[in-house]
Structure formats: C-alpha cells, structure tokens
Amino acid sequence: MKRYFIVLLSALLFLTFIQVGNAATVSLPDKSKVFLKAGKFYILYTKPAPPFVDENNRLLVPLRAFEDLFGGDVSYSATTKTAQLSWLGHEFAFVIGSKSAQMDGQEVVMDTTPALKNGAMFLPIRIFLDQANLESHWDDKENVLILDDDKILTGEPFKNFDGNDLSSENEDGAFRINDYTIKSNGNGTFKLTINATNITGETIPEGKADIHPLVSFGASYGGFATDSYSRPVYPAIKEIAENGTVSVSQNFPLKEVDYIITVARLFTE
C-alpha cells in the first residue's frame, strides 16, 4: 500500500477528518510511562499495548514490534501459544507462560515469562540483550532502556520520521520523557500530550528544544501522521529551567494506531 503523509496543520484538520468517515475502534492508554528507546526514538506505544515492566521487573515488548520496528521475522501459533522469531542472526522460540526458550536450537532459561496481553504475545527483551549481543544500556538518568544498535532501526515509523525531518542537526539526550497521556477530542481525533524533564543540567532557551511525535496507522487506514512543516514545533517551546518540566501536545486521527514514537532533543544549528 502506498504510504502517505498527513499534514497536521490546524487549517486542514477538520477537512481531513470529515473525509475519512467514522473512526475504527481504537484502544489507546489514557496514560503510560515510557520505558524503551531505540537510537534517538522513544517508543511510546506499540499495538495493542505499550511496552511494560512485569512483576519480575523485566521489560516486555509485543512480538509484532520486533518485526515492524526492528527488522525481525516473526510467526505465532495461537493453538500452541508458541512464537518463532528470527532476529539479529539468531533463531528464537518462546511459549507463553514458560521460562524455557530456544535460541539456535539450544535451551535458554529466562528469569521471567512471555505474557499474553490484549490478545498479543509480549516478549522479555532481556534475552536478546544477554544472548544475542544487542548493544544497549539502561540509562539511570532517563530511567529507560536504550537500544544503541542503529542496524535495528529498520521499521517504517523510523524511516518515515527521518524522511520528513527538516532539522537534521540536533543533540539527543536533552530530556527524560516522564509519561504521556491520550485523550479523545470527540471529533474523530485524539490529543497526545508528552511530559518531559530537562536533564541537560542547564536552562534550555526558548525555541531550542524539540519534542516531536509520529503516529503510524494500520493497514485499514494506512500511512502516518507527523508535521515536518512545524518542526521545530510551532509555537516554539518556551524556556525550560534546569530540571524543569515541559508538556507538548498534538492532535492525531483517532484511527487504527499501530505505533507512536517521538524524538526529544536540542537544536544545535
């Protein structure tokens, strides 16, 4: 399906949503923390639920995201509750509720289990960090797991953002994304609000920061939504004191949302 770009200018919002018809059923979280970052991209939402930390303090990510975002090849059997994943040059097999996994035909015992959530299988990402030599680190400053291997940034959401990014000169690591909220506007759109903290150790001047999301939609609606014409965000983000907080909001179609990602950065140009 041909991808297309939805310009989120306020003058066009009303016309865009009148044309697309009734919104499909969408189940988005009212509020969620952010635990995962891939390169410069914070992963806010992954259908059918955001990445989450389980009772064993392990981060779980939906199986489908390994294919859509990170270049893996996945399959799942609902009958046996078993998943196969080819990724990073290795073959993995998992069973929901079992700590026993397979890597290249050899048993690996995990310290938590894959889970079924909202009808989808979620995998503990720790096994890939331990067994497949995926470059990553836990950032205590941001309280987020960061995947450092650029080779895994193969998914369409990442490519779509870079293809519409008018601000290539920037500095990552300026913010901690604390959480985000989603609220229906009642007109076929939803309001995404991202809450962040300045962790640079100094004041960020007005207009020097950018927190900018992209939403990818499922096949029935298609495409993605972001706004290259307002990057850096318009109106400009006001001055943010050291350790100060900021909230950035943007409206998107309330459709079949697959992924929500964002950058959070300083402009250096």
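Computed from a predicted model, the values in this text were never measured in an experiment.
Considering every non-hydrogen atom in both Ala209 and Ile204, the closest pair reads CB-CG2, 4.0 Å. Scanning both residues, Gly222 and Phe217, for their nearest heavy atoms gives O-CB, 3.7 Å. For the residue pair Leu59 and Pro51, the shortest heavy atom distance occurs at CD1-CB, 4.1 Å. Contact detail for Ser27 and Tyr45: the closest heavy-atom pair is O-OH, 3.3 Å. Closest heavy-atom contact between Pro213 and Phe252: CG-CZ, 3.8 Å. Closest approach of Thr203 to Pro205, counting heavy atoms only: O-CD, 3.6 Å.
Environment of CG in Asp30: sparse, with no more than 12 heavy atoms of neighbouring residues, nucleotides or ligands closer than 6.0 Å. Glu171 CD: 12 or fewer foreign heavy atoms inside a 6.0 Å radius.
A 4.5 Å side-chain heavy-atom check between Val215 and Gln250 finds every atom pair outside the cut-off. Inter-residue side-chain proximity for Asp130 and Met103 is flagged as unmet; no heavy-atom pair is nearer than 4.5 Å. Between Val144 and Ile177, every side-chain heavy-atom pair lies at or beyond the 4.5 Å cut-off. Annotation: side chain of Arg64 is in contact with side chain of Tyr259 (closest heavy-atom distance under 4.5 Å). Counting heavy atoms from C-beta outward, Thr46 and Leu36 have side chains that stay 4.5 Å or more apart. With a 4.5 Å cut-off on side-chain heavy atoms, Asp73 and Phe66 do not count as touching. At least one side-chain heavy atom of Tyr180 sits less than 4.5 Å from a side-chain heavy atom of Pro50. Annotation: side chain of Thr193 is in contact with side chain of Lys191 (closest heavy-atom distance under 4.5 Å).
The OG atom of Ser249 sits 10.5 Å away from atom NZ of Lys183, with the distance rounded to the nearest 0.5 Å. Going from atom OH of Tyr42 over to atom CD1 of Ile261 covers 13.0 Å, rounded to the nearest 0.5 Å. Distance CZ/Phe35 to CG/Asp179: 10.0 Å, rounded to 0.5 Å. Distance CG/Asn133 to NE2/His90: 6.5 Å, rounded to 0.5 Å. Annotation: the span from Lys208 atom NZ to Ile240 atom CD1 amounts to 12.5 Å, rounded to 0.5 Å. One finds the CG atom of Asn195 at 12.0 Å from the CZ atom of Phe175 (value rounded to the nearest 0.5 Å).
Judged by distance alone, the side chains of Asp210 and Asn170 never bring a donor and an acceptor atom under 3.5 Å apart. Side-chain N/O atoms of Glu107 and Ser100 include a donor and acceptor closer than 3.5 Å. Under the 3.5 Å distance criterion, with hydrogens and angles disregarded, a donor-acceptor pair is assigned to the side chains of Glu91 and Ser86.
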For Tyr76 and Ile96, run side chain to side chain contact (heavy atoms under 4.5 Å, CB included): C-alpha distance rounded to whole Å, both residues' side-chain angles, the deciding distance at 0.1 Å, then the answer. CA-CA 11 Å; Tyr76 175 70; Ile96 289 176; 3.3 Å; yes

For a side chain to side chain contact (heavy atoms under 4.5 Å, CB included) check, start with the C-alpha distance between Lys40 and Asp162, then their side-chain angles and the critical distance, and finish with the verdict. CA-CA 11 Å; Lys40 65 185 177 184; Asp162 286 337; 2.9 Å; yes

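The existence of a salt bridge linking Lys117 and Asp54 is excluded, since no basic side-chain nitrogen approaches an acidic carboxylate oxygen closer than 4.0 Å. In this structure, Asp139 does not pair ionically with Arg176, as no charged nitrogen and carboxylate oxygen lie closer than 4.0 Å.
Tracing side-chain contacts under 4.5 Å through hydrophobic residues (I, L, V, M, F, W, Y), one never reaches Phe94 starting from Leu60; they form parts of separate clusters. Under the 4.5 Å side-chain contact rule for hydrophobic residues, Phe52 and Met121 do not share a cluster. Residues Ile211 and Leu266 share a hydrophobic cluster, clusters being chains of Ile/Leu/Val/Met/Phe/Trp/Tyr side chains in contact below 4.5 Å. The hydrophobic clustering, which links ILVMFWY residues whose side-chain heavy atoms are closer than 4.5 Å, places Leu63 and Leu88 together. Both Leu129 and Ile152 are members of a single hydrophobic cluster when ILVMFWY side chains are connected at heavy-atom separations under 4.5 Å.
Checked against the 6.0 Å centroid criterion, the rings of Phe92 and Phe128 qualify as a close aromatic pair.
A donor-acceptor contact shorter than 3.5 Å links the side chain of Thr262 to the backbone of His212.
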